[in-house]
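Worksheet: one structure, shown below.
Residue numbering restarts at 1 for every chain, and letters A, B, ... go by the order of the sequence lines. Keep in mind that what you see is a predicted model, and the values were worked out from it rather than measured. Values below: every heavy atom of this structure, side chains too, minus hydrogens, waters and symmetry copies.
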Amino acid sequence: MSDLFDRRGLMRGLALTAGGLTLAGCDKLNGQPQFRELLKGAEQLNYKAQRVVAGRDALAREYSRLDLSPVFRVNGNAMPASPAYQQHAASNFADWRLVIDGLVARPLQLSLAQLAQAPQRAQITMHNCVEGWSAIGGWQGPQLGPLLRAAGLSTRANFIVFHCADDSGGAPYYESIDLVDAFHPQTILATHMNGERVSIPHGAPVRLRVERQLGYKHAKFVMRIEARERLDDLYGGKGGFWEDRADYAWYAGI
Amino acid sequence: MVKRHRLSTRLWHWTNAITLLVMLMSGLMIFNAHPRLYWGTYGANPDHPWLEVTSTTTRGFLRVGPVTVDTTGVLGHWQAPDGSTQHRAFPHWATIPSSYSLADARIWHLAFAWVLALGLLAYMIVSLVNRHFQKDLAIKGAEITPRHLWADIKDHARLRFPTGAAALRYNILQKLAYGSVLFVLLPLIIFTGMTMSPALTTGWSFLLDIFGGRQSARSLHFIAAFALVGFFLVHIAMVVLAGPINEVRSMITGRYRIPKAKDEA
């Protein structure tokens, strides 16, 4: 009996110590910049490994109309607070123009009619939220790549930044992707969702679809597309609203 | 005293112990971001979950299919160390980090995922080369007969553990348990994890077919995690019953004292 009691005591002691160390230890390590950077090295590993597995142009799976989610959940901002945006919404985006500038030879200002004339792509794909849920929706709009070529993208450009109409707590929503994803055939500026104009809660008039990445990259209410050499001198310096605000991974392929 | 476990086995064992604990706790935090599980290709709030942790203002609930269990105080409704009431699915003591952060949990989870996957791969290669699998884990024809299986189950139920040289060999229940973890649960949890990556499934879209869609993969990932917790509990119980000091020492130093038969003691 005493043998068993000792064992039980020993195991309880071990379990409590392990539990206590884990909780306190992990929280402490979590707050330590060097350790965080070490863990975040895995993001680079994921980025490189996934590019090897998927290649530059591998397509995200496309689904049939039968697979469409009955309800495509609206997430994040459903209506930007900015008066300028609300004016555009009230006039059905008649005077709205998409700006493409930054490191380009010919900055562009494109109306919805002009976007409709650019090379289009329609795709039914899965939207993967970082939180774990997913929904299948149909998207259509001009491919981003040809628009960037039309604007004369500079060879100095490394990143494409999407500036949006919404903000949260005064911080403007923006996102960025690299050129491999920008020129990917499924990367489109969706003007239509499930056969209709993209609704305001889903990001009207234009929502980025960058199918090989998580949902927070799929910027809604895109107003301006800027080609940049680097990201560390823009806003919080981490390349996106959620990246700056909550330390989400910049590479959102997983 | 004999030499029982090789250095590679011991190193992998303790690396895994830490890695699986970190992966479980950070995984529970990731689950907290959307505490619902679905089957099929898609699943979001308007869709029907087969499992969810939910709460009212005063109570927490776990719902699995038609069954609802009150989990107030543990799941869905619990007190944080600062005294505040929280409505997250898993409580602070079960998650990394202890206060809500999806981004931080992902940083931990995705870093240790590399340790888990590369560790398993290295262990498998080494175990094939040094014949650990063939010598110690391969199941022999005679062991898998119902008669032999039943005898081993009875021995376990009566807590009659092998003594002498027989204690050095894995019995059939051990082989089945270790084999399921090595060749079923760990690969399953790694590949279902990969299936949740929107980039990886562009190159390896067969993953989506194997597991029946992203949400099914997420559900299987969660089930495999709890199967591993089940294995861990049985594993610890067996270590305690078989003599924890001798067993733990053998997994740290490799040295193991062969248990004597009861009548010799």
Neighbourhood of chain B inside [range], taking heavy atoms under 4.5 Å as contact:
range                       : value
residues 171-191 of chain A : none
residues 52-74 of chain A   : A:Val53, A:Ala54, A:Ala58, A:Leu59, A:Ala60, A:Arg61, A:Tyr63, A:Asp67, A:Leu68, A:Ser69, A:Pro70, A:Val71, A:Arg73
residues 210-220 of chain A : A:Glu211, A:Arg212, A:Gln213, A:Leu214

Between [X] and [Y], which heavy-atom pair has the shortest distance, and what is it?
X        : Y        : answer
A:Gly253 : B:Pro198 : O-CD, 3.2 Å
B:Ala103 : A:Ala246 : CB-O, 3.0 Å
B:Arg218 : A:Glu131 : NH2-O, 4.0 Å
A:Ala135 : B:Tyr42  : CA-CB, 4.0 Å
A:Trp133 : B:Ala44  : CE3-CB, 3.5 Å

Nearest 0.5 angstrom please: [X] [atom1] to [Y] [atom2], how far?
X        : Y        : atom1 : atom2 : result
B:Thr41  : A:Ile136 : OG1   : CD1   : 4.0 Å
A:Cys129 : B:Asn45  : SG    : CG    : 9.5 Å
B:Met194 : A:Ile254 : CE    : CD1   : 8.0 Å

Non-hydrogen atoms of chain A under 4.5 Å away: do they reach the side chain of [X], the backbone, both or neither?
X        : result
B:Leu110 : both
B:Asp47  : side chain
B:Trp108 : both
B:Pro97  : both
B:Thr95  : backbone
B:Phe31  : neither

Heavy-atom side-chain proximity of A:Gln50 to B:Ser197 below 4.5 angstrom: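 A side-chain contact exists here, since the closest heavy-atom pair is under 4.5 Å.
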With a 4.5 Å limit on heavy-atom distance, are the side chains of A:Ser134 and B:Gln215 in contact?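 They are in contact (side-chain heavy atoms under 4.5 Å apart), so the answer is yes.
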Please classify the contact of [X] with chain B as side chain, backbone, both or neither, using a heavy-atom distance under 4.5 Å.
X       : answer
A:Phe35 : side chain
A:Leu38 : neither
A:Ala49 : side chain

query: Any donor and acceptor pair, going by atom type alone, linking the side chain of A:Asn30 with main-chain N or O of B:Ile96 inside 3.5 Å?
result: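 Side chain of A:Asn30 to backbone of B:Ile96, a donor-acceptor pair under 3.5 Å: no, none is there.
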Original post:
Between the side chain of A:Arg36 and the main-chain N/O of B:Asp104, is any donor-acceptor distance below 3.5 Å?
Top reply: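 Pair absent, no side-chain N/O of A:Arg36 close to backbone of B:Asp104.
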| query | What residues of residues 204-212 of chain B sit under 4.5 Å from chain A when you count only heavy atoms? | reply |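 Checking residues 204-212 of chain B against chain A gives B:Trp204, B:Ser205, B:Leu208, B:Asp209.
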If you draw a 6.0 Å radius around [atom1] in [X], do more than 12 non-hydrogen atoms from other residues or ligands fall strictly inside?
X        : atom1 : result
A:Glu196 : CD    : no
B:Trp39  : CH2   : yes
B:Phe232 : CZ    : no
B:Phe191 : CZ    : no
B:Arg249 : CZ    : yes

